[in-house]
Novice: 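One structure, as structure tokens, below. Some questions next.
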Amino acid sequence: LHSSPVPLSCTAKGTVYGTKPIKGYTMNATASRRIAIYSRVSTDEQAAEGVSLDAQESRCRMWADLHGATVVESITDAGVSGKTMRRDGIDRLWSLVNAGEVNTVVVTELSRLTRSARDFANVVADLTAADVSVVSIDNGLDTSDMCGRLVAGILSYVNAFEREQIGQRTRAALAQVKAEGRHIGRPPVGFTSEGGKLVVSDPARVALAQRAATMHADGSSYRTIAETFNAEGIATGSGSGSWHAPAIGRLMRAAIAAAA
């Protein structure tokens, strides 16, 4: 027990934040934090409310202001999946870490950094070895201490488990839809979808697709088929422009659907 009450802004190690230290106390390490803000959105998340890059950065800057930390740089990865660590933003983050310019990485949520439990464990271990901590605002976590690292690791595995469950349910649902003979996704050229079933809407376009399929089966490449259609003056699906290999590939989907 302390001989006199410890201020609420102090810790058991004897640190006080935001004021002149009293005898036996030192300034809180938060005041000397040099942070890198990291924000990420995948393609599917870009339109989601509260997940935008601007919203993430704003919240991280508020955290920095609240804790007296210095923002060295704000790093973003737009339209990039959290399942991979091969990101320009991550490369930039490591360059700051290796140069000793930051000692804290701040994110709004652990999933912004990575969606892989294994990658997260490796990142935290590598950052800890470099004396760099991770702060996750939504999770209320700070890996600067052992407890924070433990809880962060547990949460990352829980998140990974939940994602795997969602993936399993999605795959099961898609398999059921296919088993019922319903079409998934955008209808091929020359078809429409009615009640989940493909219905021919443009017989001429479907016949052209079947011709392309026959030419391809006889050894013609998509590029050769495109050149043939252009030479014959056959209009593209949009009615303008010319045929090219990718367009023939999309047309072939109609032949596959017709055969089914």
Side-chain angles (χ1 to χ4, degrees), residues 39-48 51-53 75-95 111-112 114-116 118-119 160 163-260:
S39 307
R40 180 191 63 79
V41 290
S42 65
T43 302
D44 295 337
E45 294 171 327
Q46 287 180 346
V51 187
S52 70
L53 294 174
I75 303 169
T76 61
D77 271 321
V80 183
S81 171
K83 296 179 181 179
T84 177
M85 294 301 288
R86 295 180 180 178
R87 302 175 231 153
D88 292 340
I90 292 295
D91 291 341
R92 176 55 185 164
L93 180 61
W94 278 114
S95 69
S111 63
R112 299 305 90 198
T114 176
R115 289 188 176 278
S116 166
R118 181 176 60 183
D119 286 342
R163 287 192 300 275
E164 289 179 8
Q165 279 194 317
I166 292 173
Q168 288 179 350
R169 289 195 292 267
T170 300
R171 288 190 292 272
L174 291 175
Q176 180 63 29
V177 169
K178 289 184 177 180
E180 295 174 357
R182 289 186 286 158
H183 178 71
I184 302 173
R186 184 178 179 179
V189 176
F191 287 84
T192 58
S193 179
E194 297 181 3
K197 301 289 185 179
L198 288 178
V199 178
V200 175
S201 60
D202 188 342
R205 190 58 52 176
V206 173
L208 184 64
Q210 291 173 322
R211 179 189 171 191
T214 300
M215 293 174 65
H216 186 60
D218 291 338
S220 296
S221 65
Y222 285 2
R223 180 177 179 180
T224 299
I225 297 171
E227 292 173 348
T228 300
F229 286 1
N230 287 328
E232 295 179 5
I234 298 175
T236 61
S238 63
S240 61
S242 58
W243 289 97
H244 47 78
I248 296 299
R250 290 191 294 270
L251 183 67
M252 292 284 285
R253 290 182 56 223
I256 297 172

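Atom set for the values below is all heavy atoms of this structure, side chains included, hydrogens, waters and symmetry mates excluded. Predicted, not measured: the structure shown is a model, and the values here were computed from it.
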Novice: Search all heavy atoms of T236 against all heavy atoms of S242 and return the closest pair with its distance.
Specialist: CG2-C, 3.7 Å
Novice: If you take all heavy atoms of S42 and S81, which pair is closest and at what distance?
Specialist: CB-CA, 4.4 Å
Novice: Donor-acceptor pair, distance only, cut-off 3.5 Å: does the side chain of R40 make one with the backbone of R112?
Specialist: yes
Novice: Taking all non-hydrogen atoms of both residues, which atom of A245 and which atom of A226 are closest, and how far apart?
Specialist: N-CB, 4.2 Å
Novice: Going through the checks in order, is the side chain to side chain contact (heavy atoms under 4.5 Å, CB included) test met by T214 and D218?
Specialist: CA-CA 6 Å; T214 300; D218 291 338; 3.9 Å; yes
Novice: Taking side-chain hydrogen bond (donor to acceptor under 3.5 Å, both in side chains) as the definition, give me every residue that meets it alongside R211, ordered by chain and number, with sequence neighbours left out.
Specialist: E232
Novice: For D88, does the CG atom sit with more than 12 other heavy atoms under 6.0 Å from it, leaving out its own atoms?
Specialist: no
Novice: Rounded at 0.5 Å granularity, tell me how far CZ in R92 sits from OG1 in T76.
Specialist: 12.0 Å
Novice: For the residue pair S221 and T224, confirm or rule out a side-chain donor-acceptor distance under 3.5 Å.
Specialist: yes
Novice: Calculate, to the nearest 0.5 Å, the distance between atoms CZ and OG1 belonging to R223 and T228 respectively.
Specialist: 12.0 Å
Novice: What pairs with D77 under side-chain hydrogen bond (donor to acceptor under 3.5 Å, both in side chains), at least two apart in sequence or on another chain?
Specialist: Y38
Novice: Which pairs pass ring pair (Phe, Tyr, Trp, His ring centres under 6.0 Å) with one or both residues in residues 218-237, sequence neighbours excluded?
Specialist: H216-Y222, F229-W243
Novice: Can you find a pair of side-chain heavy atoms, one from R87 and one from T114, that are under 4.5 Å apart?
Specialist: yes
Novice: Roughly how far, to the nearest 0.5 Å, is the CD1 atom of I225 from the CD1 atom of I234?
Specialist: 11.0 Å
Novice: Hey, what do you get for CG (D119) to OG1 (T84), rounding to the nearest 0.5 Å?
Specialist: 8.0 Å
